[in-house]
Amino acid sequence: MSETPTNSVTLRFLAAPTDVGHSGSVDAGTVLEWVDKAAYAAAVGWAKSYCVTAYVGNIHFADPVNSGDMVEVKATVVYTGRSSMHIHTVVSSGDPRGGVPTMRSQCIVIFVAVGADGKPTEVAPFEPATAKEIHQRDDALARIKVREEIVDAMKVQEYSDAGTAERVVLRFLAAPTDVNWGGKVHGGIVMKWIDEAAYVCATRYCGNATVAVFSGGVRFYRPLLIGHVVEVEARLVYTGTKGMHIAVHVRSGDPKGGEMNLTTYCLTVMVARDDAGNSVPVPTWIPVTDEDKRLHAHARDLLEIRGRAPGNRLPNHLLAAGGSTAAVTGVEL
């Protein structure tokens, strides 16, 4: 009789000084890399086969992880499709000398099991047995429609040179040190690149050091290969009271050819902070061209779609009088 796979994995890391970014705390990209590793371990443990990152849902970076913290990332399979696994991840950290770790962020990561032929393969169904597992399963199911709306809204947008907003492009080669267990570039590494490009774009725009407070709709379209040229393009598309919404596209291609294919796309929200670590208002970006206006409206549409997800809400500057004020983050986006 086959053994029932466990649905939860916990990985622990000691946040090192080399993990600290420009903000003085651990970069969001590093946290996302840890999230991806823990979720991968949970997915492989459940599927008993190689798995690939397909999607990373809304992740709010509520509180910073500091150098010297003991970091705990718990990844739990909460729902399965035919070949997909929805994995709820929680990042906590605290003093390694003792005490209860503080929850820093959480999100849903979707992995797909892949067979030896490179095609999706079936996974064992997860059947929730406790009230908590049922709640987590229902929450994952409730987010599917919202996620589909987000993906549909994002994939029809076009980005061209007609835009006038702040824009940066980082280019480099995918190195052997970026490899995952399947010989491709690790999904967590890609998310780290996304965070770096968003940082440069937002910092150039506002003239202050910035940090990520949210990343959402991280869609992985195709694998990124070691040795390929990588292009990470970040563009400002919207500003709230304090948040700068940065659309990031990752493309890659064989350096022997000229074709670059889209591998990953997401939207990241960055905020500027003063010397005390408090978020500060940023200049309002005014769209100029038709493309600027379309992408600006697109970013607002995404805010409204995400506001319908369980536990989410619209940011204060979009809330109508008398609207819900149930907070999910301390930063006004």
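Values below: all heavy atoms of this structure, side chains included; hydrogens, waters and symmetry mates excluded.
- Minimum heavy-atom separation, C51 to F111: CB-CD2, 3.8 Å.
- Looking only at atom types and distance, the side chain of R273 has no donor-acceptor partner in the side chain of N208 under 3.5 Å away.
- Considering every non-hydrogen atom in both S8 and T76, the closest pair reads OG-OG1, 3.2 Å.
- Counting only N and O atoms by type, the side chains of D292 and T164 include a donor and acceptor under 3.5 Å apart.
- Checked against the 6.0 Å centroid threshold, W46 and F126 count as a close aromatic pair.
- For the 3.5 Å distance criterion, the side chains of T263 and S252 fail to qualify, holding no donor opposite an acceptor.
- In this structure the side chain of S93 never reaches within 4.5 angstrom of the side chain of P101, judged on heavy atoms.
- For the side-chain contact (heavy atoms from CB on, under 4.5 Å) test, residues two or more places apart in sequence or in another chain that qualify with T264 are V190, I194, V218, F220, V250.
- Residue pairs meeting the side chain to side chain donor-acceptor pair (under 3.5 Å) criterion with at least one partner in residues 115-128, sequence neighbours excluded, do not occur; the list is empty.
- For R147 and Y55, the positive end sits near the middle of the six-membered ring, less than 6.0 Å away and at most 45° from its axis.
- Using a 4.5 Å heavy-atom cutoff, the side chains of M270 and V213 are not in contact.
- Side chains of I246 and L267 form no contact here, defined as non-hydrogen atoms less than 4.5 Å apart.
- Looking at N58 and F214, their side chains come closer than 4.5 Å, going by heavy atoms from C-beta outward.
- A 4.5 Å side-chain heavy-atom check between E133 and V78 finds every atom pair outside the cut-off.
- Judged purely by atom type and a 3.5 angstrom limit, S84 has no side-chain atom pairing as donor or acceptor with the backbone of T80.
- The side-chain heavy atoms of V9 and L11, taken from C-beta on, include a pair separated by under 4.5 Å.
- For the residue pair H186/E33, the side-chain donor-acceptor check at 3.5 Å is not satisfied.
- Across R235 and A165, no two heavy atoms sit closer than the pair CG-CB, 4.4 Å.
- Residues H86 and V77 form no side-chain contact, since every pair of their non-hydrogen atoms from C-beta on lies 4.5 Å or further apart.
- Looking only at atom types and distance, the side chain of Y265 has a donor-acceptor partner in the side chain of Y159 under 3.5 Å away.
- Under the 4.5 Å side-chain criterion, counting only non-hydrogen atoms from C-beta, I110 is not in contact with M85.
- Ion pairing of D161 with R167 is present here, as a side-chain N (NZ or NE/NH1/NH2) and a carboxylate O approach within less than 4.0 Å.
- Side-chain rings of W193 and F172 approach one another, their centers coming within less than 6.0 Å.
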